[in-house]
Each structure stands twice: as structure tokens, then as C-alpha cells.
Amino acid sequence: MSVRISVDADAPPARVWELYAQPERWREWAPHVRSPRGLGDPEVVAGARGTIRLGGALPLPATITEVESGRSWAWRVGPATLRHTVEPMGGGTRIGLEIEVPRALEPGVRLTYAPITRLLLANLARAAKP
């Protein structure tokens, strides 16, 4: 099952991509994401295996599964696959996230993580504004 979230940004796609695809810049819009390691530098790299901390949790293994530079990238963290997208839209950008999880986890993701993710994508939209 998957949950899709999108937010429109008044920012150019290239600027959104920089913040969305560079692990060292994630803290600028997603303060709960800490210590990304081994996922690519400066951008995520397909096949990279590393770790990520969410909040103060122990490091979680993460694998970048695909990258289409400037457009989308996906990774697997725990039981979830998250696909991040950047779509040009008029003078701005549609920022998207699709979260794929096992069917049993989908209701919990919809009720808890999806609303938080919408706020995080709004943070990204604000951070990307020129």
C-alpha cells in the first residue's frame, strides 16, 4: 500500500532538488532527520547503503534504491520505501513523497507520519524560496 503527499512550492525545481537530495542539507527542513551517513555526497547515489537517525533513535540502515537526477529518488528505511519527487509546475515546483509500506502498516502511516510529512514538505517549500 502507498500513501502520497504533495506540496506546491514557489521555488525553482533545481533549488528544491538541492535541499531534497543532499543528505547534509536535510536538517534545514527536516530537523528530526539526523546524522545521514553513507548515502551520497553531496547528493544521494543509487545503491548507496548507509544509516540515518530519526530524532534521537539508534541509527537505522537505509539504502538508496534509485535516483533520477533532478527529478526523483527513493530509499528503503526499515519496512518503508519512500519515493521523493520534484516536478516543475508553472513558475514553481510540486514536491512529492510516496510512502510504500506493508498493508498492515498503512493505516498507522496515514494517521501519524503522513500529517507530519506534509508539514515537513511545507518546511522544504519555505526553505527553497529564493
Side-chain angles (χ1 to χ4, degrees):
M1 297 294 303
S2 66
V3 177
R4 293 187 178 117
I5 302 112
S6 66
V7 170
D8 294 340
D10 293 326
R15 173 76 176 137
V16 172
W17 178 257
E18 287 174 11
L19 293 168
Y20 215 13
Q22 294 181 9
E24 290 302 319
R25 305 216 43 207
W26 293 344
R27 67 179 172 267
E28 293 177 38
W29 57 273
H32 74 294
V33 177
R34 308 233 173 101
S35 306
R37 301 277 188 259
L39 302 173
D41 184 21
E43 288 186 0
V44 291
V45 174
R49 293 174 179 259
T51 59
I52 189 77
R53 287 180 189 260
L54 301 177
L58 294 173
L60 298 170
T63 302
I64 306 298
T65 57
E66 61 186 76
V67 177
E68 184 182 343
S69 189
R71 301 286 312 205
S72 68
W73 67 274
W75 62 338
R76 182 128 180 108
V77 180
T81 297
L82 296 92
R83 178 167 286 104
H84 304 269
T85 59
V86 173
E87 274 182 71
M89 191 186 78
T93 305
R94 176 157 291 150
I95 307 166
L97 175 63
E98 180 179 0
I99 307 165
E100 296 176 20
V101 292
R103 182 180 291 277
L105 298 178
E106 189 261 338
V109 168
R110 264 190 208 286
L111 291 172
T112 60
Y113 195 62
I116 293 166
T117 299
R118 186 173 306 284
L119 291 173
L120 293 169
L121 293 181
N123 285 348
L124 173 55
R126 279 189 296 280
K129 263 188 173 174

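Starting from 1, each residue takes its place in the sequence as its number. For the numbers below, each heavy atom of this structure counts, side chains included, while hydrogens, waters and symmetry mates do not. What you are looking at is a predicted structure, and each value in this text was computed from that prediction instead of being measured.
For the atom pair OG1 of Thr65 and CZ of Arg83, the computed distance is 6.5 Å after rounding to the nearest 0.5 Å. Residue Glu100 holds its CD atom at 8.5 Å from CZ of Arg76, rounded to the nearest 0.5 Å. Trp73 contributes atom CH2, which lies 11.0 Å from atom CD of Glu66 (distance to the nearest 0.5 angstrom). For the atom pair CH2 of Trp17 and CD of Gln22, the computed distance is 10.0 Å after rounding to the nearest 0.5 Å. The CD atom of Glu28 sits 14.0 Å away from atom CZ of Arg126, with the distance rounded to the nearest 0.5 Å.
In this pair, Tyr20 and Trp29 present their aromatic rings perpendicular. The plane angle is above 60°, beyond the 30 to 60° band.
Nearest heavy atoms, Pro42 versus Pro23: O-CD, 3.2 Å. Leu19 and Trp26 get closest at one heavy-atom pair: O-CD1, 3.3 Å. The two residues Val45 and Val67 come nearest to each other via the heavy atoms C-CG2, 4.1 Å. Closest heavy-atom contact between Leu39 and Arg49: CD2-C, 4.4 Å.
Judged by distance alone, the side chain of Thr93 and the main-chain N or O of Ala11 form a donor-acceptor pair under 3.5 Å.
None of Ser2, Ser72, Ser6 except one satisfies the side chain to side chain donor-acceptor pair (under 3.5 Å) rule with Glu98; the exception is Ser2.
For Glu106 and Arg103, the salt-bridge test fails: no basic side-chain N is under 4.0 Å from an acidic carboxylate O.
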